[in-house]
Amino acid sequence: MIKFFRKIRQKMLTENKFSKYLLYAIGEIILVVIGILIALQVNNANETRKSNLELDKINHNLIQEFESNQKALSSAMSQVKWTKNGGLEILSIIGNRENQYQENDLDSLIEISVFWPTWKPTNFVLNELKSSGKLSLLKNSKIKELLFEWERQSEIVNDWNRRMEKSSQDIIDYIKTNGSLRNINHNRISIKKSELDINNISLFNDSKFENQVDEKVLYSQFLENVYKETDRLINQILEEAIKK
């Protein structure tokens, strides 16, 4: 094709058809420019397609991770409520002289009260987006704001998880000194109750034990509220991720 156009130019110059040559040259330039513009348009279309595919992948990964987080969170919320209710039951019994609970029932309540959930939010996808610089590909400014808020919320969740664990461990440590930990967990580890002359009934007339359980119930309520707020945030992120 190039040789063909070169022959036409040479023929025009040889025949002194300069004006026609000039028009031809201008036409040729226009064709070249049009070709370049078409190539740029095709290239831009390909880049846009690649960007959209990458964006679809990012949103898909975000949705998967946050749906997984929400599923685990739902289970953790039930566990927090369960251990809180166990603590509340203990507080209703402590100091009550008309308490009709059997020793095994009291041990079961204590076991429930020292439990703490182990849910921790995962941020693998978000961390990968930040480290790779792909976070900028997100066109939805709202979801970017929510992801930054998610990072702050994750720290709050982890902080209250640590408080719950510390509160539970304090109760366990106190029982080690003033009661029988074996009587509480003997069913869980499939052994007999302690043969020693010791039980946990006296704990239900102990002010320090009452204060420790009260703190655990209080922390459980705070963590339950934090989990609910986290669940609302996940719902917002999922809604925006679906919008892209």
Side-chain angles (χ1 to χ4, degrees), residues 57-91 109-138 140-175 184-185 188 209-244:
K57 182 180 178 181
I58 290 171
N59 280 293
H60 175 74
N61 291 340
L62 283 173
I63 290 171
Q64 275 196 324
E65 181 164 84
F66 279 97
E67 284 182 341
S68 177
N69 270 326
Q70 191 169 47
K71 183 178 180 180
L73 175 59
S74 177
S75 175
M77 290 173 70
S78 298
Q79 293 170 351
V80 170
K81 188 173 183 178
W82 179 68
T83 191
K84 181 186 74 173
N85 288 340
L88 287 171
E89 189 69 22
I90 289 176
L91 292 178
L109 284 176
I110 294 174
E111 183 181 23
I112 293 172
S113 73
V114 298
F115 175 80
W116 70 88
T118 56
W119 180 75
K120 292 184 180 181
T122 60
N123 293 305
F124 176 78
V125 174
L126 179 57
N127 290 337
E128 186 180 32
L129 289 176
K130 289 170 60 181
S131 62
S132 65
K134 292 182 180 179
L135 191 62
S136 60
L137 293 176
L138 293 174
N140 187 333
S141 59
K142 178 63 177 179
I143 196 172
K144 289 182 180 179
E145 294 175 7
L146 290 172
L147 290 175
F148 290 138
E149 185 178 345
W150 168 256
E151 288 189 292
R152 293 192 295 270
Q153 188 68 16
S154 296
E155 287 300 317
I156 294 173
V157 167
N158 289 333
D159 179 53
W160 277 105
N161 282 337
R162 288 190 290 268
R163 296 189 189 195
M164 277 282 286
E165 181 178 354
K166 174 65 166 54
S167 181
S168 297
Q169 190 61 53
D170 286 345
I171 297 175
I172 292 172
D173 290 342
Y174 189 71
I175 294 172
I184 292 171
N185 61 25
R188 189 171 296 278
F209 178 70
E210 179 182 47
N211 288 335
Q212 288 179 322
V213 173
D214 183 81
E215 179 187 69
K216 174 63 184 297
V217 169
L218 183 63
Y219 284 3
S220 297
Q221 183 60 62
F222 284 140
L223 183 58
E224 189 175 9
N225 293 338
V226 168
Y227 279 176
K228 288 179 180 178
E229 181 60 33
T230 305
D231 187 57
R232 284 193 290 270
L233 180 57
I234 291 176
N235 281 330
Q236 289 179 297
I237 292 173
L238 288 174
E239 288 175 6
E240 293 300 325
I242 292 172
K243 292 179 185 178
K244 300 181 182 180

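Throughout, numbering of the chain's residues begins at 1 and tracks the sequence.
In terms of modelled atom types and a separation under 3.5 Å, the side chain of T83 and the main chain of V80 share no donor-acceptor contact. Side-chain atoms of N158 come within 3.5 Å of backbone N or O of S154 as a donor-acceptor pair. Formation of a donor-acceptor pair under 3.5 Å by the E65 side chain with backbone atoms of F124 is found in this model. Counting only distance, with no hydrogens or angles, the side chain of S74 and the backbone of Q70 share no donor-acceptor pair below 3.5 Å.
For the side chain to side chain donor-acceptor pair (under 3.5 Å) test, residues two or more places apart in sequence or in another chain that qualify with E151 are K130.
Nearest approach of N69 to W150, heavy atoms of both residues: ND2-CZ2, 3.7 Å.
The only option from E224, Q79, E89, K216 that meets the side chain to side chain contact (heavy atoms under 4.5 Å, CB included) definition with K84 turns out to be E224.
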Run the numbers on E229 and R232 for salt bridge (charged side-chain N to carboxylate O under 4.0 Å, His left out), then give the verdict. CA-CA 5 Å; E229 181 60 33; R232 284 193 290 270; 2.5 Å; yes

Yes or no on side-chain contact (heavy atoms from CB on, under 4.5 Å) for F66 and L126, after CA distance, side-chain angles and deciding distance? CA-CA 10 Å; F66 279 97; L126 179 57; 5.7 Å; no

Test N235 against E239 for side-chain hydrogen bond (donor to acceptor under 3.5 Å, both in side chains), laying out the working first. CA-CA 6 Å; N235 281 330; E239 288 175 6; over 6 Å; no

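I58 has its side chain within reach of L129: a pair of non-hydrogen atoms, C-beta onward, lies under 4.5 Å apart. Side-chain atoms of L73 and Y227, non-hydrogen and from C-beta on, do get closer than 4.5 Å to each other. The shortest distance between side-chain heavy atoms of W119 and L223 does not fall below 4.5 Å.
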